[in-house]
Protein chains: 2
Amino acid sequence: MQDMRLQHIIAVVKEKSYASVEKLAAQLNVSAMTIRRDLNLLCSQGRLERCYGGARLPSSIVRETAYSEKLQVHREQKLLIARKALSFIQSGDSLYLDSGTTVGALAQLLCESQLDVSVVTNELNIAQLLAQAGLSVTMVGGTVNQATGSVSGHASEQFLRQFRFSKAFLGASSIDYSFNTFSPNFDKAYLKRLAMELSAQCYLLADAGKFYSSAMCLITSLNQYAGVITDKEFSKAELKQLQEKSVNIIPAADASL
Amino acid sequence: MQDMRLQHIIAVVKEKSYASVEKLAAQLNVSAMTIRRDLNLLCSQGRLERCYGGARLPSSIVRETAYSEKLQVHREQKLLIARKALSFIQSGDSLYLDSGTTVGALAQLLCESQLDVSVVTNELNIAQLLAQAGLSVTMVGGTVNQATGSVSGHASEQFLRQFRFSKAFLGASSIDYSFNTFSPNFDKAYLKRLAMELSAQCYLLADAGKFYSSAMCLITSLNQYAGVITDKEFSKAELKQLQEKSVNIIPAADASL
DNA sequence: ACAATTTCGAACATAAATTATCAAAATTGG
DNA sequence: CCAATTTTGATAATTTATGTTCGAAATTGT
C-alpha cells in the first residue's frame, strides 16, 4: 500500500512543486505521521527535498551548493559512516580517497586526527582540505567534472597506475537489488575499479539512501569490497541474502562510540 | 510555508533587484519580523545582500571562497593585468594557467567571458573555478603544496608532457635586477619551465611588487616570454635596458579601457 | 550637531510541526 | 490459521516558526 502512496506523493510534488503534510494526509486518508515517514524516506533517497510542513522538488539543478553546504545533507549519517571508516586507518597507511561527500566527511575527520598517512585523491576539494591540514597529498590529474569537482578520464587512469595503496575508500552513486554498485559516469566507474585493483583493501562508504536504485554504469559487486560501511539497517531476510553473497557489512552506528 | 516565502523573496529580488521589508511583508501576509528573519537567513547563505529596509542582489556572483578573498589584496592591479592578459586569448586556444593569484584573477575573467577554450592548470582553485563555469578543464596531477594549493613534482612533470598549448600564462614570485624570474620552490620553477617549452607563446603576469627581488630558484630570463604583462611604470633607463635584452613589456593599464 | 523617524534585533509568548515511543492493525511466511 | 514482522496511528515531549513588544541603532531632515 505504501508504494502507491509514495508514487502519489512524487506525482503531486512534481506537479505542484510543493506538497504539505496536511494536504497529503487528507488526500491519502492516512495520518500525518505516516506522510512524514514517507517524505523522510523519499528525501533520504534524494527523490524530493524535505522542508518544514511538507516537501518540494529537489533543487539540485544548478544551485551553487558550496562543498561544505553539500556536506550538510545527511551530515549525521555521513559523519557516522566516516567515523567508522576512520577507525580502519592507521598511521603509515597509503590511502586512496575517492570523490563524493561521504568520503569528503572522512577527509575532514582525517584532518582533525593526528594520523600520519599519505593520500591520493581524485577530488579537488578533498585534496585542498587535506593539504591545508598539512597531510601529504597527491592530486590525480585528469579532466575535471563540472558538477562534482572530481577528475577522471584516460589521463587519470594512466596517472593512477603509478601508485599502490594499502587502503582505498570509495563511494558509489547507487546499489541495486542484486547488490552491485553503480556510477552515472563510465569514466568514474572505471577509475573506481582501477583504484580497487591497486589497493590491498578497499571499503565502500554508502549511506542508506544509496540502496535499491541503479545508475547507468556498473562498478562491481558488493562482495568485492573488504567492507561495506553503511548506516542502513537491514532486515533479517536482507542479511541472509548478503551473507550468501559473502558481503561484509560494517554497521556505522555501534560499539565504538 | 517559509520555504515558499524564501522562493518568492528570491524571485522578487532577482526581478526588481531590490525588495523592501515592508512590501514583502504585505505581499506575503506575514509580519515584518518574519521577513527580516528570512532576509537574514538568505543573506547568511549568500543568496542576497541585506541593506537597511530591505535586500538587494548580491554584488558579486563569485562565491566567498577563501580563494577569492585572497584575490582582494592588490585586487585592482591584478585585475588590470588579468584583463590585459584576457585580450590575448581567443576561442579555440588551448591554455596553460599557472598557479598564483594574478593568474587566478585571469581565470575569474575567463569564467565570465564567453570564450570557448580548453584549459590545463596546476592549481586546485583555478581548476574548480573554471570547471564550475562549464569550461573544459584538465587538472595536472601531482603532489599538493600545502600553502598554495598547487601541484608540482615529478609526477606533475610527467603528466604535463602529454600536453601542448597555444598559450601559457605564468606567474613568478620575483624578478631580479638582471631581469630573471624566480620561484621559491625548485619543483615549481621546473614545472614553469616545462610549461614554457610546451607552449607556442607564453606570457608572464607580474604586478609591480614582484620586481627587483629574488628567490631561491631561477626560472628563466624575461626575454624568454612572448610578453610580460605588468602594471609597473618603468623609467627611461629601465626601458632602454629592457629593450637591449629584447624583453617585450606589455603595460596593463592603457588603451583597451 | 541634534532631534525625529524609521528600522532593527533581542526576548518572550504562542502556535504549529516534528520526533520519539508504544500499542494496535495489517502484512507476510510458513 | 498462527506467529513473526512490518506498518500505521495516537500521544506526549521537543523543536521550530511566527508574532508582539520594546529599547537600541541607523537614517533623515533641519
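Residue numbers begin at 1 in each chain, while the letters A, B, ... track the order of the sequences. These figures come from a predicted structure and were not determined experimentally. We use all heavy atoms of the structure for the numbers below, so side chains are in, but hydrogens, waters and symmetry mates are not.
- Computed from coordinates, the Met33(A) CE to dT18(C) C1' distance equals 8 Å when rounded to whole Å.
- Nucleotide dG19(D) holds its P atom 13 Å from the CG atom of Leu24(B), rounded to whole Å.
- Of the listed residues (Val119(A), Thr121(A), Asn122(A)), just one forms a side chain to side chain contact (heavy atoms under 4.5 Å, CB included) with Tyr96(A), and that residue is Asn122(A).
- In this structure, the nucleotide among dA20(C), dT8(D), dG19(D) sitting nearest to the side chain of Thr34(A) is dT8(D).
- Side-chain atoms of Arg37(A) lie closest to dG9(D) of the nucleotides dT18(C), dG9(D), dT7(C).
- Side-chain N/O atoms of Arg36(B) include one lying less than 4.0 angstrom from OP1 or OP2 on dC8(C).
- With rounding to whole Å, Glu238(A) atom CD is found 15 Å from dT28(C) atom P.
- Side-chain nitrogen and oxygen atoms of Asn40(B) include none within less than 4.0 Å of the OP1 or OP2 phosphate oxygen of dC8(C).
- dG19(D) atom C1' lies 13 Å from atom CG of Asp38(B), rounded to whole Å.
- Remark: C1' of dA16(C) and CG of Asp3(B) are 16 Å apart, rounded to the nearest angstrom.
- Smallest separation of non-hydrogen atoms from Cys111(A) and Ala133(A): SG-CB, 3.6 Å.
- Within 6.0 Å of CD on Glu22(B) lie no more than 12 heavy atoms contributed by other residues, nucleotides or ligands.
- Donor-acceptor pairing under 3.5 Å, judged by distance alone, is present between the side chain of Tyr52(B) and the base of dT7(C).
- Leu41(B) places its CG atom 15 Å from the C1' atom of dG9(C), with the value rounded to the nearest Å.
- Under the 3.5 Å distance criterion, with hydrogens and angles disregarded, a donor-acceptor pair is assigned to the side chains of Ser221(A) and Asn223(A).
- For dT8(D), one of the phosphate oxygens OP1 or OP2 lies less than 4.0 angstrom from a side-chain nitrogen or oxygen of Arg5(A).
- Mapping Gly54(B) and Cys51(A) onto DNA chain C by nearest heavy atom places Gly54(B) closer to the 5' end of the strand.
- Phe234(A) places its CZ atom 13 Å from the P atom of dT6(D), with the value rounded to the nearest Å.
- The listed nucleotides are dT7(C), dG19(D), dA10(D); the one nearest the side chain of Val30(B) is dG19(D).
- Distances from the side chain of Arg50(A) to the nucleotides dC8(C), dG19(D), dT19(C) place dT19(C) closest.
- Rounded to a whole Å, the CE atom of Met4(B) is 14 Å from the P atom of dA17(C).
- Rounded to the nearest 0.5 angstrom, Leu39(B) CG and Thr34(B) OG1 are separated by 10.5 Å.
- Checked against dA17(C), dC8(C), dA10(D), the side chain of Glu22(A) finds its nearest nucleotide in dA17(C).
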